[in-house]
Amino acid sequence: MSDDPLPTPSPNPASDRTTARTAAVIPAAGRGVRLGPGAPKALRTLGGTPMLVHAVRAMADSRAVSLVVVVAPPDGAAEVKSLLDTHALPERTDVLVVPGGESRQESVKLGLDALPPGYDIVLVHDAARPLVPVDTVDAVIEAVRDGAPAVVPVLPLSDTVKQVEPAAAPGGPEPVVATPDRSLLRAVQTPQGFDRATLEHAHATVTGNVTDDAGMVEQLGTTVVAVPGHEEAFKVTRPLDLVLAEAVLARRRLNDGF
Ligand code: C5P
């Protein structure tokens with residue numbers, strides 16, 4: 001038998017995360033130009049309630065989430081704050097409102113900067129995905145608690161995807177250069193979930209145009225894992241998405257009525 005001392009166990013961040021507190025950052029500072037003229041997208045109503053309020057409630061519905069940081073349009077933080085004050089949220093949930101920035105990335109960073117200590121798991125959720133079910137939110141948190149530094153909810157694609165090159169002339173036909181294997185592609189939703197230190201490191205070091213937070217973490221060389229998303233977590237981007245969102249809400253109300 002060896003007299004060597006037992007090796008020091010390496011720290012297991014996953015076990016620390018089983019009890020970690022979770023905060024959600026909601027970037028809501030976009031104008032939503034693709035939706036047509038009108039109020040900033042997050043303030044448009046669905047079923048009579050602003051999209052942002054639906055999104056905040058979707059995060060607060062998870063019992064694990066005790067703080068929601070809303071990143072408001074830079075000139076609209078006071079308006080967003082009073083809007084949220086007039087809509088009921090669970091008592092266990094604190095809400096902070098901070099002004100956002102020029103890009104989504106900048107807005108998320110400003111939200112992260114406002115996070116108090118003591119929250120070691122962070123969700124980032126688009127205000128533009130107001131109807132994500134709580135089971136999806138909980139599945140993302142669970143995967144972070146189980147040890148993943150970064151988690152994205154995803155869906156398989158129904159459309160085949162083509163990679164194209166820019167057209168020779170604006171508006172002209174675009175040459176197709178590749179057809180990636182659809183079975184290996186996924187459409188990515190939010191909330192994306194992170195070990196807080198990993199996400200903060202990504203936002204402090206990664207620059208350039210990225211469309212989601214997990215993409216920044218990937219650039220650090222850190223593993224990102226995917227869990228099943230939900231069709232009701234779709235992003236409200238174009239006018240037809242509003243029609244679909246109203247239909248989903250109407251169906252929920254009907255189901256709740258019975
Ligand atoms: O533009 P896109 O649909 O990707 O926006 C996703 C989310 O990022 C939306 O909830 C939008 O309000 C938010 N956003 C932001 N700050 C910006 C641009 C977008 O918070 N400057």
Side-chain angles (χ1 to χ4, degrees), residues 24-36 41-42 44 46 51-52 54-55 58-59 61-62 103-105 107-108 122-144 146 148-166 174 176-194 198-199 202 206 208-220 222-249 251-252:
V25 173
I26 302 188
R31 302 264 357 141
V33 282
R34 287 169 291 182
L35 211 48
K41 178 158 69 175
R44 310 259 184 128
L46 288 179
M51 208 177 316
L52 174 62
H54 286 287
M59 296 300 103
D61 276 351
S62 167
S103 64
R104 181 188 182 280
Q105 205 173 346
S107 293
V108 173
V122 180
L123 303 179
V124 181
H125 181 61
D126 288 333
R129 297 183 189 271
L131 302 179
V132 59
V134 69
D135 287 353
T136 307
V137 180
D138 284 338
V140 170
I141 296 170
E142 198 57 38
V144 182
D146 284 349
V151 179
V152 291
V154 302
L155 286 182
L157 298 184
S158 13
D159 293 329
T160 294
V161 173
K162 302 282 185 199
Q163 186 182 337
V164 297
E165 272 176 357
E174 299 167 320
V176 170
V177 293
T179 306
D181 177 359
R182 189 174 72 187
S183 68
L184 295 175
L185 296 176
R186 301 287 180 267
V188 179
Q189 304 180 318
T190 71
Q192 301 187 349
F194 303 90
T198 302
L199 184 60
V206 176
N209 190 23
V210 278
T211 49
D212 74 337
D213 300 278
M216 301 174 78
V217 170
E218 285 163 48
Q219 288 191 37
L220 297 177
T222 302
T223 304
V224 175
V225 297
V227 298
H230 195 285
E231 60 178 0
E232 292 182 5
F234 64 93
K235 183 153 80 168
V236 176
T237 305
R238 296 186 180 83
L240 194 60
D241 300 324
L242 281 174
V243 179
L244 182 59
E246 293 285 2
V248 170
L249 270 181
R251 187 177 64 184
R252 284 187 188 175

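Summarising the geometry, atom CZ belonging to Arg129 is positioned 5.0 Å from atom OG1 belonging to Thr190; distances are rounded to the nearest 0.5 Å. Interatomic distance, Leu46 CG to Met51 CE, rounded to the nearest 0.5 Å: 5.0 Å. Taking OG1 from Thr223 and CD from Glu218, the interatomic distance works out to 9.5 Å, rounded to the nearest 0.5 Å. The distance from atom OG1 of Thr136 to atom CD of Glu231, rounded to the nearest 0.5 Å, is 10.5 Å. Separating the CG atom in Leu157 from the OG atom in Ser183 is a distance of 10.0 Å, to the nearest 0.5 Å.
Environment of CG in Asp181: crowded, with over 12 heavy atoms of neighbouring residues, nucleotides or ligands closer than 6.0 Å.
Closest heavy-atom contact between Phe194 and Ala214: CZ-N, 3.6 Å. Residue Pro191 comes nearest to Met59 through the heavy atom pair CG-CE, 4.1 Å, listed as atom of the first residue, atom of the second, then distance. For Gln189 against Ala233, the heavy-atom pair with the smallest separation is OE1-CB, 3.5 Å. In plain terms, the two heavy atoms of Ala150 and Val217 that are nearest each other are CB-CG1, 3.9 Å. When all heavy atoms of Leu123 and Gly193 are compared, the pair lying nearest together is CD2-CA, 3.8 Å. The shortest heavy-atom contact between Leu131 and Arg252 is O-NH2, 2.6 Å.
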* Under the salt bridge (charged side-chain N to carboxylate O under 4.0 Å, His left out) rule, what do Asp212 and Arg104 come out as? Steps first, then yes or no, please. => CA-CA 9 Å; Asp212 74 337; Arg104 181 188 182 280; over 6 Å; no
* Evaluate the side-chain contact (heavy atoms from CB on, under 4.5 Å) criterion for residues Val152 and Val224: first the C-alpha distance (whole Å), next the side-chain angles of each, then the deciding distance (0.1 Å), finally the verdict. => CA-CA 7 Å; Val152 291; Val224 175; 4.1 Å; yes
* Asked: Are Val154 and Val227 close enough, and set up right, to give a side-chain contact (heavy atoms from CB on, under 4.5 Å), and what steps lead you there?
  -> CA-CA 6 Å; Val154 302; Val227 298; over 6 Å; no
* side-chain contact (heavy atoms from CB on, under 4.5 Å) between Leu199 and Asp213, intermediate numbers included -> CA-CA 8 Å; Leu199 184 60; Asp213 300 278; 4.0 Å; yes
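Ion pairing between a basic and an acidic side chain is recognised when a charged N comes within 4.0 Å of a carboxylate O; Glu232 and Arg251 show such pairing.
A heavy-atom distance below 4.5 Å is not found between the side chains of Val161 and Thr179. Side chains of Val132 and His125 form a contact here, defined as non-hydrogen atoms less than 4.5 Å apart. Under the 4.5 Å side-chain criterion, counting only non-hydrogen atoms from C-beta, Lys235 is in contact with Asp126. Counting only heavy atoms from C-beta outward, the side chains of Val210 and Gln105 approach each other to under 4.5 Å. Side-chain contact between Val248 and Phe234: present, with at least one pair of heavy atoms (C-beta onward) separated by less than 4.5 Å.
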Would you mind writing out the side-chain donor-acceptor pairs for residues 239-247 within the sub-3.5 Å range, not counting sequence neighbours?
unit_1, atom_1, unit_2, atom_2, d
Asp241, OD2, Thr237, N, 2.8
Asp241, OD2, Arg238, N, 2.7
Glu246, OE1, Gly47, N, 3.0
Glu246, OE2, Gly47, N, 3.2

